[in-house]
A.B. asks: 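Pasting a structure below so you can have a look.
Here the structure is a predicted model, which is why all the values come from computation and not from measurement. Any value given below was found using the heavy atoms of this structure, including those in side chains, with hydrogens, waters and symmetry copies removed. Along the sequence shown, residues carry numbers from 1.
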Amino acid sequence: MALMIATGLGLGYAPVAPGTFGSFLGILLILLLSRLGWKDAHRVASYLVIVGIISAIGIWAASRAESIFQRKDPPQVVIDEIVGQLLTFGLIFRNPRFLLLLIGFLFFRLFDIVKPFPIRRLERAPLGVGIILDDLVAGFYASLVVFVLHIWWPGLA
C-alpha cells in the first residue's frame, strides 16, 4: 500500500520525468476536488485540510518507500509532487481554467526543480518529511504566483 501511494499509483515508475507525471496526477486531483459542492466559506479550509491529510499519508508512504528502495528521496516517489501541485491551487481553490492550471503546473515544476531558498535545505529533513516538505514549499511559492495572477487578472481563474 505504501508503494502504491508513494509512487502515485505507479506513475513514479515512468522511465522519463516521473515527477512530471506525479504533477499531472495532482492536476487531475485538483480538477476532481474543485468540483465538490463545498460552500464558499469552507472551500479553501476544507481543501487545505485534504492537502494536510494527503501530506501526512505521503510522509508515511515516502518514508516506507525510502526504506524499500534503500535510497534517499528515490525518483519513483512522486507523492511529494502530487501534494505540492495540490497546494499550488490552495489559495484560490475553485474550478480553475486550463491556462491557470498550466501556469500553476509550470511554476510548481520550476520551483521544484530550481529549489529556491529554503527548499534545498528542507529536503534534508529525515525520511519522508524532507521528501514532502520541500515540495510543499515549492507548491506554496507557486500558489503565491497563481494567487497574484488571479488578483491581477481575474478572468484567468
A.B. asks: Can you give me the closest heavy-atom contact between Pro74 and Ala65, atom names plus distance?
C.D. replies: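 Closest approach of Pro74 to Ala65: CG-O, 4.3 Å.
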A.B. asks: Under 4.5 Å between side-chain heavy atoms, counting indirect links through other Ile/Leu/Val/Met/Phe/Trp/Tyr residues: same cluster for Trp153 and Leu102 or not?
C.D. replies: yes
A.B. asks: Calculate, to the nearest 0.5 Å, the distance between atoms CG and CZ belonging to Leu144 and Phe111 respectively.
C.D. replies: 8.0 Å
A.B. asks: So, Thr7 side chain and Gly12 main chain: donor-acceptor pair closer than 3.5 Å or not?
C.D. replies: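 Not at all, since once roles are kept as given, no pair shorter than 3.5 Å links the two residues.
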A.B. asks: Do Val145 and Trp152 belong to the same hydrophobic cluster, where Ile, Leu, Val, Met, Phe, Trp and Tyr are linked whenever their side-chain heavy atoms lie under 4.5 Å apart, directly or via other members?
C.D. replies: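 In one cluster: yes.
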A.B. asks: Looking only at non-hydrogen atoms, find the nearest pair between Ala62 and Gly128 and report the distance.
C.D. replies: CB-CA, 3.9 Å
A.B. asks: Using the ring of each side chain (for Trp, its six-membered ring), is Phe24 parallel, tilted or perpendicular to Phe21, with breaks at 30° and 60°?
C.D. replies: perpendicular
A.B. asks: Say you draw a straight line from CG of Leu25 to CD of Glu81; how long is it, rounded to the nearest 0.5 Å?
C.D. replies: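 Taking CG in Leu25 and CD in Glu81, the distance rounds to 11.0 Å.
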A.B. asks: How long is the span from the CD1 atom in Ile119 to the CD1 atom in Ile113, to the nearest 0.5 Å?
C.D. replies: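 Spacing of CD1 (Ile119) from CD1 (Ile113) equals 11.5 Å.
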A.B. asks: Which heavy atom of Leu33 sits nearest a heavy atom of Tyr47, and at what distance?
C.D. replies: CD1-CE1, 3.9 Å
A.B. asks: Spell out, yes or no, whether Val148 and Leu101 are grouped together once hydrophobic residues are joined by side-chain heavy atoms under 4.5 Å, including indirect joins.
C.D. replies: no
A.B. asks: Enter the distance from Leu48:CG to Ile53:CD1 here, rounded to the nearest 0.5 Å.
C.D. replies: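 Nearest 0.5 Å value for the CG-CD1 distance: 11.5 Å.
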A.B. asks: Given Arg64 and Leu3, is the side chain to side chain contact (heavy atoms under 4.5 Å, CB included) satisfied, shown in steps?
C.D. replies: CA-CA 8 Å; Arg64 295 280 303 129; Leu3 280 181; over 6 Å; no
A.B. asks: Got a second to check how far Leu127's CG is from Glu66's CD, nearest 0.5 Å?
C.D. replies: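 Spacing of CG (Leu127) from CD (Glu66) equals 5.5 Å.
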A.B. asks: Could you tell me whether Phe69 atom CZ has more than 12 heavy atoms of other residues or ligands within 6.0 Å of it?
C.D. replies: yes
A.B. asks: Considering non-hydrogen atoms only, spot the tightest contact between Phe89 and Ile30 and give its length.
C.D. replies: CD1-CD1, 3.2 Å
A.B. asks: Identify whether Leu9 and Trp60 are in the same connected component of the hydrophobic contact network (ILVMFWY, side-chain heavy atoms under 4.5 Å).
C.D. replies: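 Per the 4.5 Å side-chain linkage, Leu9 and Trp60 are not co-clustered.
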A.B. asks: With rounding to the nearest 0.5 angstrom, report the CD1 to CG distance, Ile131 to Asp80.
C.D. replies: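 The distance works out to 6.5 Å.
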A.B. asks: Determine whether Leu87 and Val137 make a side-chain contact, defined as any pair of heavy atoms from C-beta on separated by less than 4.5 Å.
C.D. replies: no
A.B. asks: Between Leu136 and Phe108, is there a shared hydrophobic cluster once you connect ILVMFWY residues whose side-chain heavy atoms come closer than 4.5 Å?
C.D. replies: no
A.B. asks: Taking atom CZ of Phe107 as the centre, does the number of heavy atoms from other residues, nucleotides or ligands within less than 6.0 Å exceed 12?
C.D. replies: no
A.B. asks: Is there a donor-acceptor contact under 3.5 Å from the side chain of Thr88 to the main chain of Gly84?
C.D. replies: yes
A.B. asks: Which atoms form the tightest heavy-atom contact between Arg109 and Ser23, and what is the distance?
C.D. replies: CD-OG, 3.2 Å
A.B. asks: If you compare all heavy atoms of Gly104 against all heavy atoms of Ala142, which two are closest, and at what distance to 0.1 Å?
C.D. replies: O-CB, 4.3 Å
A.B. asks: What I'd like to find out is whether the side chain of Leu133 reaches to under 4.5 Å of the side chain of Glu123, using heavy atoms alone.
C.D. replies: no
A.B. asks: Please collect all side chain to side chain donor-acceptor pair (under 3.5 Å) contacts where either partner lies in residues 127-145, sequence neighbours excluded, each pair once.
C.D. replies: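 Non-adjacent pairs meeting side chain to side chain donor-acceptor pair (under 3.5 Å): Lys115-Asp134.
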A.B. asks: For a side chain to side chain contact (heavy atoms under 4.5 Å, CB included) check, start with the C-alpha distance between Ile59 and Ser63, then their side-chain angles and the critical distance, and finish with the verdict.
C.D. replies: CA-CA 6 Å; Ile59 289 170; Ser63 296; 4.3 Å; yes
A.B. asks: When Ile5 is tested against each of Val77, Val78, Ile57, Ile82 for side-chain contact (heavy atoms from CB on, under 4.5 Å), which residue passes?
C.D. replies: Ile57
